[in-house]
J.: 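This is the structure I have questions about; it appears just below.
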Amino acid sequence: MRFGFGGAAVVAFLATFASVSVTAAEILTLSASEGRFKIMGGMYPRYLVFLKGLDASTIKTAWVDKEYYAVLDVHEGPEAGQSVIMTLKKSTDRSPQPEWCKTEGGKSFEGKGVTCLKGAEGFTEQLRFKTRVKFADSAAALPAELQNRTWAEYPEMPGRREFEELGPFDLHIVLE
């Protein structure tokens, strides 16, 4: 069987891709020691995610330049083993995403609401993301390593009980 230059190029092209391994998506994982997953203004699908226990010196803020997919994996508490699919809201001048906050009274998450307070030292105890929660059928848009989860959907979401705090959880953000 004889191949011309074009046929040889096609065979070489296909052989090259057959030998290249498929790379995993770039995923940023933030592991919180505790936090909140709180509905924003009582309006589904808008939620706020507060992460505590992160090192502020290693976390960049105001970087969300588009709606990235993210998965929140709950490790302890009533929703242990459940996950939530969401997209991160795009950063704006008035509302950088993510943003370091001191919002709800420090260690006990009490009193000051969900607005990030500015202008004082030590406002790095909580990292806040504004999000839009997705239904489980959105899992098809996620990379393979984030698809096999037990998905929680509205109205049965983690953090739905008043003043509920989440124990340790991971927030996986799909960057690519």
Side-chain angles (χ1 to χ4, degrees), residues 23-61 63-64 67-89 91 96-114 116 122-176:
T23 60
E26 185 178 350
I27 299 171
L28 169 65
T29 298
L30 300 174
S31 297
S33 60
E34 61 182 306
R36 279 277 182 94
F37 188 56
K38 188 170 188 166
I39 195 162
M40 191 166 116
M43 300 295 292
Y44 173 83
R46 298 174 354 175
Y47 276 75
L48 298 169
V49 177
F50 294 96
L51 298 93
K52 290 179 75 173
L54 302 175
D55 180 358
S57 68
T58 64
I59 307 286
K60 182 180 170 186
T61 57
W63 60 266
V64 180
E67 286 197 347
Y68 293 94
Y69 269 95
V71 172
L72 186 144
D73 289 334
V74 180
H75 299 302
E76 291 182 9
E79 284 86 14
Q82 294 185 22
S83 300
V84 178
I85 304 169
M86 63 191 77
T87 56
L88 305 181
K89 297 273 290 174
S91 195
Q97 301 300 323
E99 181 175 24
W100 284 105
C101 301
K102 180 179 257 184
T103 61
E104 297 183 277
K107 289 184 179 181
S108 61
F109 281 114
E110 295 171 357
K112 295 190 172 54
V114 297
C116 285
F123 274 56
T124 58
E125 67 185 37
Q126 300 170 54
L127 186 65
R128 179 190 74 183
F129 285 92
K130 290 182 179 178
T131 69
R132 288 194 182 273
V133 171
K134 303 294 184 182
F135 286 105
D137 60 358
S138 296
L142 297 171
E145 58 265 38
L146 294 177
Q147 288 188 2
N148 294 325
R149 304 274 197 285
T150 301
W151 300 113
E153 292 183 314
Y154 183 81
E156 300 300 319
M157 303 288 288
R160 68 186 177 279
R161 291 175 283 283
E162 189 172 356
F163 305 116
E164 180 180 359
E165 294 180 34
L166 299 176
F169 66 92
D170 292 328
L171 182 65
H172 306 284
I173 302 168
V174 181
L175 300 175
E176 284 283 327

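On a predicted model such as this, the values are computed, not experimentally measured, just so you know.
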J.: Using side chain to side chain contact (heavy atoms under 4.5 Å, CB included), reason through Val71 and Arg149 one step at a time and then give a plain yes or no.
T.: CA-CA 10 Å; Val71 172; Arg149 304 274 197 285; 4.2 Å; yes

J.: Among pairs that include at least one residue of residues 27-46, which meet ring-ring contact (aromatic ring centres under 6.0 Å, His included), considering only residues two or more places apart or in two chains?
T.: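 Residue pairs passing ring-ring contact (aromatic ring centres under 6.0 Å, His included), neighbours aside: Phe37-Tyr47, Tyr44-Phe135, Tyr44-Tyr154.
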
J.: Asp170 and Thr29: side-chain donor and acceptor closer than 3.5 Å?
T.: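 The answer is no; no qualifying pair exists.
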
J.: Can you spot which of Val174, Ile59, Leu175, Leu171 makes a side-chain contact (heavy atoms from CB on, under 4.5 Å) with Leu28?
T.: Leu175

J.: Begin from the C-alpha positions of Leu142 and Ile85 and carry the test side chain to side chain contact (heavy atoms under 4.5 Å, CB included) through to its verdict.
T.: CA-CA 9 Å; Leu142 297 171; Ile85 304 169; 4.1 Å; yes

J.: Show your working on side chain to side chain contact (heavy atoms under 4.5 Å, CB included) between Met86 and Val84 and close with a plain yes or no.
T.: CA-CA 6 Å; Met86 63 191 77; Val84 178; 4.1 Å; yes

J.: Ala141: which residues meet the side chain to side chain contact (heavy atoms under 4.5 Å, CB included) condition with it, sequence neighbours left out?
T.: Tyr69

J.: Glu67 side chain to Thr87 main-chain N or O, any donor-acceptor pair under 3.5 Å?
T.: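 Side chain of Glu67 to backbone of Thr87: no pair is present.
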
J.: For the backbone of Ala136 and the side chain of Glu153, can you confirm whether one donor and one acceptor N or O come within less than 3.5 Å of each other?
T.: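 At least one qualifying donor-acceptor pair exists.
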
J.: Could I get the full list of side chain to side chain contact (heavy atoms under 4.5 Å, CB included) partners for Pro45, not counting sequence neighbours?
T.: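 Partners of Pro45 by the side chain to side chain contact (heavy atoms under 4.5 Å, CB included) criterion, ordered by chain and then number, come out as Arg132, Val133.
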
J.: Main chain of Leu51, side chain of Glu34: is a donor-acceptor contact present, judged purely on distance under 3.5 Å?
T.: no

J.: Not counting sequence neighbours, which residues clear ring pair (Phe, Tyr, Trp, His ring centres under 6.0 Å) with Trp63? List them please.
T.: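 Scan of Trp63 (ring pair (Phe, Tyr, Trp, His ring centres under 6.0 Å), adjacent residues dropped) gives Tyr68.
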
J.: If the condition is salt bridge (charged side-chain N to carboxylate O under 4.0 Å, His left out), which residues does Glu156 pass it with, not counting sequence neighbours?
T.: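 For Glu156, the residues satisfying salt bridge (charged side-chain N to carboxylate O under 4.0 Å, His left out) (neighbours in sequence not counted) are Arg160.
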
J.: Applying side chain to side chain contact (heavy atoms under 4.5 Å, CB included), can you list everything that pairs with Asp55, at least two apart in sequence or on another chain?
T.: Ser57, Thr58

J.: Test your reading of the model: is there a side-chain donor-acceptor pair from Ser91 to the backbone of Gln97, 3.5 Å cut-off?
T.: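 Yes; judged by distance alone, with no hydrogens or angles, the pair exists.
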
